[in-house]
Amino acid sequence: MTRTVKTFWIWCAMFGEKALELVRELKRSQDGNLPPYNDDGIRQVVEEMRTLFEQNQLEVRATTDGERGLLSGIQLRHACLERNQRCLLAYVHHRMTRIRDYRWQTGSVLPPSFRLSLCEQEIQWFTRYNRSLATYMRSIAPTGLDLTQHLQPPKSLLVEVRCLEDYGEFEMEDGTVVLLHKNTQHYLPRSQCEPLIRQGVLEHIH
Amino acid sequence: MSSLTQSSSSTPSYSSGVPSSAAHYRQPPAAAGGAGDFFDLGDILASQQRVPAQFEQTVYRLGFLDAQSSGEHIQSGAKMELPLWLARALGGRRRNIVRIDLPKQYRQQQRDILRADANVVDLFKQGPYFYLMGVKLLFFDHMERSDLAKSLLETFLNRFRRIMDTSHHAFSSDVTMFTTRLDETERVLFHIGQRSVAAMEKWERGRSHRIEASDVVQKRRKRKRED
């Protein structure tokens, strides 16, 4: 048994290091972009936890059979298990928070670069979050209310905007179609172009 | 150096009261309670810092954790540097598996330096989470505990004035020499100060009603330009 644990020591200086690496990775990237979901890292931590758990079960069994002095080791491993658990939960939770913030900042469509760094479950979660948010926003007023709009109090109905990229045709609620070409300027209803400004397609100039 | 054992009165809570550096992300609603710090990345990193510890019991079959000996077991009396989270789990009153000493940067000698002039000390080098870690050390029962608490508070008060001044008035000058010496908590405060001044300036120029691209988009745009 000791031998298997010894090989394990070669790639792990101390229990919990792998899990901490995941946390460090998120901490480093706290400006905008989300690092890709670290499938491999998580698997390694779960592997480490499994080894710890199995070893602990062996020793608990030995203790109930009458062997003495093993309790401190069990305690140590248990602390490591809990630590790993905390790191993994923090990792998943933090990513979830970031994805949710993304929904509020840029809207219901994820840009491809962002989408690539999510794992399957996270994309599912995002879709479901979108759905609940939409259902809720439809339910709060007779006509529904978009909570993501007017994050700042509006001072005018129309705003002057400049296009920063070729967006193509943009159809407004009343059916008018505006062609958004790069470097053209338009005078548009504030509520309609707010999401585009947030996404960086338009620039608010006056 | 007298030893530390965890005081029984302190419940193992992760609350620290210090704003995480993720402050510009909205805190999740669930994080409002005490459980919130459980997920705090800064808190996790702070509790990784190592403290000198001495084993009081023999721990069987885990000798490979001690790089200094090749034995199969960790012998009673062995000295190791353990991460704080592990030391706390093993150094409780009911389970006296390890005894803990203060890390070097919190000892009397270092406290004297901080008392002489806290402003010149590079707290980042003393462990990027100097205050968070210091507060965690207070959970252990120790003769120097009240001295340490006093020292942490004094250090913070002495340094805070300069941090606030710099964050409010040094817009056009290079402050990197100053900010590299701040601990993580102080950095967060520094950035909050800078952001509030920027917001004030925007309001004074009458530009605060303008809709802006979201943070994420702005940062992505910057990155694109670098490519």
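Note that this is a predicted model, so its numbers are computed, not measured. Note on naming: letters A, B, ... go to the chains in the order of the sequence lines (proteins, then strands), and numbering restarts at 1 for each one.
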**Student:** Which pairs count as salt bridge (charged side-chain N to carboxylate O under 4.0 Å, His left out) when at least one residue sits in residues 61-82 of chain A, sequence neighbours excluded?
**Tutor:** E59(A)-R77(A), E67(A)-R61(B)
**Student:** Rounded to the nearest 0.5 Å, what's the gap from CD1 on I97(B) to CD on Q75(A)? Could you check?
**Tutor:** 4.5 Å
**Student:** Using the test side-chain hydrogen bond (donor to acceptor under 3.5 Å, both in side chains), find all partners of E173(A) that sit at least two apart in sequence or belong to another chain.
**Tutor:** Q192(A)
**Student:** Heavy-atom count around H168(B) NE2 within 6.0 Å, excluding the residue itself: above 12?
**Tutor:** yes
**Student:** We want to know whether Q48(B) and R24(A) form a side-chain donor-acceptor pair, criterion being a heavy-atom distance below 3.5 angstrom.
**Tutor:** no
**Student:** Would you mind checking which part of C80(A) comes under 4.5 Å of any heavy atom in chain B, side chain (CB onward), backbone (N, CA, C, O), both or neither?
**Tutor:** both
**Student:** Report the distance from atom CG of L89(A) to atom CZ of F38(B), rounding to the nearest 0.5 Å.
**Tutor:** 5.5 Å
**Student:** Might you work through the side chain to side chain contact (heavy atoms under 4.5 Å, CB included) test for I44(B) and R86(A), ending with a clear yes or no?
**Tutor:** CA-CA 8 Å; I44(B) 292 180; R86(A) 182 181 178 201; 3.7 Å; yes
**Student:** If you measure from NE2 on H94(A) to CG on L41(B), what distance do you get to the nearest 0.5 Å?
**Tutor:** 5.0 Å
**Student:** Answer yes or no: is there a side-chain heavy-atom contact under 4.5 Å between R190(A) and I211(B)?
**Tutor:** yes
**Student:** Quick one: what part of I205(A) sits under 4.5 Å from any heavy atom of chain B, side chain, backbone, both or neither?
**Tutor:** backbone
**Student:** How long is the span from the CG atom in L20(A) to the CH2 atom in W85(B), to the nearest 0.5 Å?
**Tutor:** 9.5 Å
**Student:** What distance do Y60(B) atom OH and S72(A) atom OG have between them, rounded to the nearest 0.5 Å?
**Tutor:** 8.0 Å
**Student:** Which pair of non-hydrogen atoms, one from G73(A) and one from V59(B), has the smallest distance, and what is that distance?
**Tutor:** CA-CG1, 3.5 Å
**Student:** Given the rule in the side chain to side chain contact (heavy atoms under 4.5 Å, CB included) test, do L62(B) and F15(A) qualify, once you have shown the distances and angles that lead to the verdict?
**Tutor:** CA-CA 11 Å; L62(B) 282 166; F15(A) 298 121; 4.1 Å; yes
**Student:** So do the side chains of R83(A) and S47(B) get within less than 4.5 Å of each other, counting heavy atoms only?
**Tutor:** yes
**Student:** Within a radius of less than 6.0 Å around CE of M172(A), do more than 12 heavy atoms belonging to other residues, nucleotides or ligands occur?
**Tutor:** yes
**Student:** If you count heavy atoms of other groups shown closer than 6.0 angstrom to CD of E204(B), is the number above 12?
**Tutor:** yes
